[in-house]
Protein chains: 2
Amino acid sequence: MNKSLRQRAVLDVLKHGSVASQEDLQRHLRRRGFKVGQATLSRDIRDLNLSKTAHGYALPQGENGAGVALPPVSRLVREFVLDIRSAQNLLVIKTIVGSAQPVAAALDEADWPEMVGTIAGDDTILIVCPDKDQARTLASRIEEMLG
Amino acid sequence: MNKSLRQRAVLDVLKHGSVASQEDLQRHLRRRGFKVGQATLSRDIRDLNLSKTAHGYALPQGENGAGVALPPVSRLVREFVLDIRSAQNLLVIKTIVGSAQPVAAALDEADWPEMVGTIAGDDTILIVCPDKDQARTLASRIEEMLG
DNA sequence: CATTTTTATGAATATTTATTCATTATGAAT
DNA sequence: ATTCATAATGAATAAATATTCATAAAAATG
């Protein structure tokens, strides 16, 4: 039961391929590890203010990709991140199992300048920064989110 | 059986109130004199590239109100307008019965500077222009469309 | 004008989406 | 920890929408 991550994943799916139906969306999410029923997706679609066109579901009109109704990254970090370590220009983030992918996607979306890119496994995210300094800056920013 | 006018009417309905469902749209159109089945509206909606949001149907994204797939005003004039007369700063346009309203709406949408406003009955449209000169200009422009 | 082709349409139906209802999880307050 | 309230969810179902199929009108063609 994890709404925030799932809804982020929904947006992510839309930004990539096209989604013709809720059943279609369901398959895409399954591949990303979210197993949910159609009813829930119908609700997510309403929550995220998506619209359906002749060519499938689309992100909301004016708003940027990350809709207005999304829980902030900080909330995700607090909930799913267990530990952060830096090594040179790299950060290694441990999450509860299964959450690394979606949390990494959320971090990506935040689009911070200190992040060159991310790779996520099952419970580990590797973040590449331009240099040691910026890695540390980013690390402390994320640590603050942990409360 | 009149697709062009009906589709224009659909856009017009959308620009005014909000439309929650195709059945809803069907009612609005009926009030404007278009009696069609749900299947046809489903197709119109596809043709016009409308999208459905949580708050009802919406005009297509980037495009202006008058979609891209619409037959030009000239086509409507050629098909439905019978006669044009000017009197001072006014134009009186006769159409085949029942078409005055939607043709007037289409003319309105064209948003020509010589048109201050329109009133349409069943088979007659009255167009108000700023002055005699512009009335004549507009009249000849429309006359040209008649072929 | 007769014939063929294309287009538009509605009724019936298939498919998709939203909602209801019951259940389970989550969190707060004591 | 227990109770209470709130939120999330799925299964079943209702409602809405898309499509199929048949038909009729309009347009093109000979």
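FYI, side chains are in, hydrogens and waters are out, and symmetry mates aren't considered; it's all heavy atoms of this structure. So that the names make sense, note that chain A is the first sequence line, chain B the second, and so on, each numbered from 1.
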Q. Does C:dA18 have OP1 or OP2 sitting under 4.0 Å from an N or O in the side chain of A:Ser42?
A. yes

To the nearest angstrom, the NZ-C1' distance between A:Lys3 and D:dT6 comes to 12 Å

Rounded to whole Å, the CG-P distance (A:Asp44 to C:dT19) equals 14 Å

Whole-Å distance, B:Gln26 CD to D:dT17 P, equals 11 Å

From CG of A:Leu29 across to P of D:dT9 the rounded distance in Å is 12 Å

The reported gap from OG in A:Ser18 to CG in A:Leu25 (rounded to nearest 0.5 angstrom) is 11.5 Å

Its contact letters, B for base, S for sugar-phosphate only and - for none at protein heavy atoms under 4.0 Å, make nucleotides 10-16 of chain D read BB----S

Distance col, row A:Leu91:CG vs A:Thr118:OG1, nearest 0.5 angstrom, shows 11.5 Å

Whole-Å distance, A:Arg78 CZ to C:dT26 C1', equals 16 Å

### Phosphate OP1/OP2 of C:dT17: any A:Arg46 side-chain N/O under 4.0 Å
no

If each end axis of the helix from C:dC1-D:dG30 to C:dT30-D:dA1 is fitted on five C1' pair positions, the angle between them, to 10 degrees, is 40°

Can I get a per-line list of side-chain donor-acceptor pairs under 3.5 Å for residues 126-141 of chain B, giving both atom names and the distance, sequence neighbours left out?
{"residue": "B:Asp131", "atom": "OD1", "partner": "B:Asp133", "partner atom": "N", "Å": "3.0"}
{"residue": "B:Asp131", "atom": "OD1", "partner": "B:Gln134", "partner atom": "N", "Å": "2.8"}
{"residue": "B:Asp131", "atom": "OD2", "partner": "B:Gln134", "partner atom": "NE2", "Å": "3.2"}
{"residue": "B:Asp133", "atom": "OD1", "partner": "B:Arg136", "partner atom": "NH2", "Å": "3.3"}
{"residue": "B:Thr137", "atom": "OG1", "partner": "B:Asp133", "partner atom": "O", "Å": "3.1"}
{"residue": "B:Ser140", "atom": "OG", "partner": "B:Arg136", "partner atom": "O", "Å": "3.1"}
{"residue": "B:Ser140", "atom": "OG", "partner": "B:Thr137", "partner atom": "O", "Å": "2.9"}
{"residue": "B:Arg141", "atom": "NH2", "partner": "B:Glu114", "partner atom": "OE2", "Å": "2.8"}

**Presence of salt bridge, A:Lys3 and A:Asp44, under 4.0 angstrom** = no

Between A:Val81 and A:Ile125, does the side-chain contact (heavy atoms from CB on, under 4.5 Å) criterion hold? Intermediate values first, please. CA-CA 10 Å; A:Val81 171; A:Ile125 306 174; 5.8 Å; no

dist B:Ile93:CD1 -> B:Leu107:CG (nearest 0.5 Å) comes out at 5.5 Å

Rounded to whole Å, CG of A:Asp47 lies from P of C:dT19 at a distance of 12 Å

Using a 3.5 Å cut-off and no angle test, enumerate the donor-acceptor pairs between side-chain atoms of residues 29-38 of chain A and protein atoms at least two apart in sequence or in another chain.
{"residue": "A:Arg32", "atom": "NH1", "partner": "A:Asp12", "partner atom": "OD2", "Å": "2.8"}
{"residue": "A:Gln38", "atom": "NE2", "partner": "A:Gln22", "partner atom": "OE1", "Å": "2.9"}

Rounded to whole Å, CG of B:Leu5 lies from C1' of C:dA8 at a distance of 14 Å

Those residues at least two apart in sequence (or on a different chain) that pass salt bridge (Lys or Arg N to Asp or Glu O under 4.0 Å) with B:Asp83 are B:Arg85

Rounded to whole Å, CZ of B:Phe34 lies from C1' of C:dT9 at a distance of 15 Å

In short, salt bridge (charged side-chain N to carboxylate O under 4.0 Å, His left out) pairs touching residues 91-105 of chain A with sequence neighbours left out are A:Lys94-A:Asp123

